Every structure is written in C-alpha cells, then in structure tokens.
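This report refers to the structure that appears directly beneath it.
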Amino acid sequence: MVKPFIIGTVNARDFLHIGKEILRRGGSALDAVEATVNAVENNPMDTSVGLGGIPNMLGVVQLDASIMDGRTLKTGAVAAVENYVNVISIARKVMENSPHVLLVGKGAELFAEMMGFKKSELLTEKSRTIYKAFLEDSLDKLDERFSEKGYIIDYIKNFDLREWYSKLADDYHGTVNVMAMDDRGDVCSGVSTSGTALKFPGRVGDSPIIGAGNYCDNRVGAAACTGRGELAIRLSTARTIVSYMDNGLKVKDACIKAMRDINSLKELGGMNCLAFDKHGETFSASTTRVSVHYYMDVDSDEPEERQGETVRD
Ligand code: GLY
C-alpha cells in the first residue's frame, strides 16, 4: 500500500499542504488536487494561472483547465473561460454534472453560471502593467518585481509577436500541475493555466486537452505537462508518458523518452512533464530547464524538493 501523497510543480509548492491535509484526513485524491489547484488559481502573484494570469493579445484573461479521475477514467475540462477564477472546479463539474468532457468559451461560462460559480475580475495591477508594457514595447524597462519579463521578451522575439500583433492587434508559459494518490489507491491529475502570455484570442493549449497536458489511470499512474502546449498536443505527451509506463518503462525513463519525443520535433519552445507511477515513484523532466517538482505525503511537514532531469537531445 502506497502512503497517500501529492505532487506539484513549483508554483504549487506552497499550497501542497492543503491537499496533503485532505489526504491525511482520508479525503479523495480528487478533492486534494482540486483544493490545491484552487489555491494556486487564487494566488494573484502567479502570472500563469487564474487570478493575475497574463492576458491574451487583446488584454483579456482566458483560462484553461482539466481534471481526471484515474479510477473511472472520467475527465472534465474547460477552455478559453473568461471572468471565472476557479476553472479546475468548473472542469470538475463538467466531469461530474454533465455528459460532456470539454466545454469552451461562452458555453463553458454559461455552464459555470448554471453551476453557481461567481464571476470575478482576473486582471491584477501586475498583469495589467505587463500587458501595457507589451503594448508600449517597454517590457525591458520593468523592474525586478516583473521576473516574467525575460520569458516574455524572448517569446515576442522568437515568435515575431509584434508582427502578429500589428496584423490584428503571445510567451511565458506557466501552468500548474498537481497530482495525488489517496488511501484507496485512487489517483487524480489536475492542470490549470492562463496559457501562453499574450496568446492569440481563442488559442487553447494542452492543459484542457486530455491526453496532451493531463492524463491518469489508477492501474498505471499519472502525468501532466507545462510548457509550449502546442507540442504536447501534437504528441499527446501526458497520455504517452502513462502508456510508456504501462508498457514497462520506469517513470523516470517514460518522462525522459517523452521529452526526447518533444525534442525530435525540432520546434521552438520548451516542454516540461511531471509524473508518478502506481508505486508512488515520482519524476519530472524538461527540455529546457533544471527540472524540479515538489512532494508531500501524509506524514510530511514540508514539501520535499525532488530533482528531475533536463533532456536536451
Ligand atoms: N502548457 C500551457 C499552455 O500551453 O497553454
């Protein structure tokens, strides 16, 4: 029997104790993941998820999220949702209260209203300042409080964003991944994001696409992604990691192989993955950066930082 545990990306580190406490009291992996992701969504300092997420090219915050139940393989997702902060909870309602898997845009917002979610303003002073600096081409003049500016400047340059913008009017990839196993051995994976900063309106990444940004199965384990979602969509990365494990690879080798698959596309932009197997072994990998993830089990006092691997070839 594996001790119940929860893992997450760096932006979930300070909130994993919320999910851990739910697991410690015998709660479900689903509840633990949802509550932890909600805390990240509500954190205005996180510019890649929920409140304070950097808006799209038109200055509007559009959120994507998905949640999956590894016991039933049921899943729910929403994409391009405006004015609702806790999109992982809307995704869970899609899974549990609708015959659908994915709702987008106005339909997802209508569904959220029907389910009793309250609208809220998602722009913060910080994200407004970043957007204004993008419009004024003055991101490099923002001070050290705006640590995201380097990523955004690179993205603007690498993807000729100013040219895009001049035709109509995109990145810093954030996203939160949280996954857990409870005392019944049930697993859950959740992902929430505001997507790539300054994205094209209506652009949907991997986070709400089951199999791309998120997948889990009690019989095997769980996997989720952050990074340039277009790449994970093209390779069904999360499902592929779970399939690699199902076919005998260890979680570490499955993550590394999936990142090699990404590299073989020879595209701009990085991809990061986080996974665990049914024995509770965890791993993370990245094509571009030092990879770490955070772990708490029901006896942990503090999140444990675990090293992953950078896969450059
Ligand atoms: N991985 C998040 C996104 O591409 O939107």
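In listed order, ligands and their atoms are each counted from 1. On a predicted model such as this, the values are computed, not experimentally measured, just so you know. No hydrogens, no waters, no symmetry mates; every other heavy atom, side chains included, goes into these values.
Applying the 4.0 Å criterion to heavy atoms of Thr175 picks out, from ligand 1, the atoms 1 (N), 2 (C). For ligand 1, the atoms lying closer than 4.0 Å to a non-hydrogen atom of Gly227 are 1 (N), 2 (C), 3 (C), 4 (O). Near Asp206, with a cut-off below 4.0 Å to any heavy atom, the atoms of ligand 1 are 1 (N), 2 (C), 3 (C), 4 (O). In summary, the atoms of ligand 1 found under 4.0 Å from a heavy atom of Gly205, numbered by their order in the structure, are 5 (O).
Looking at Tyr294, its side chain never comes within 3.5 Å of a backbone N or O of Val10 through a donor-acceptor pair.
Using cut-offs of 30° and 60° on the angle between ring planes, the pair Phe5 and Phe276 is perpendicular.
Evaluated by nearest non-hydrogen atom to atom 3 (C) of ligand 1, the leading choice among Lys199, Arg203, Arg228 is Arg203.
Looking only at atom types and distance, the side chain of Asn272 has a donor-acceptor partner in the side chain of Ser286 under 3.5 Å away.
Between Gly229 and ligand 1, a contact under 3.5 Å exists for at least one N or O pair.
Take Glu34 and apply the salt bridge (charged side-chain N to carboxylate O under 4.0 Å, His left out) test, not counting sequence neighbours, and it matches Arg92.
Residue pairs meeting the salt bridge (charged side-chain N to carboxylate O under 4.0 Å, His left out) criterion with at least one partner in residues 247-256, sequence neighbours excluded, are Lys252-Glu309.
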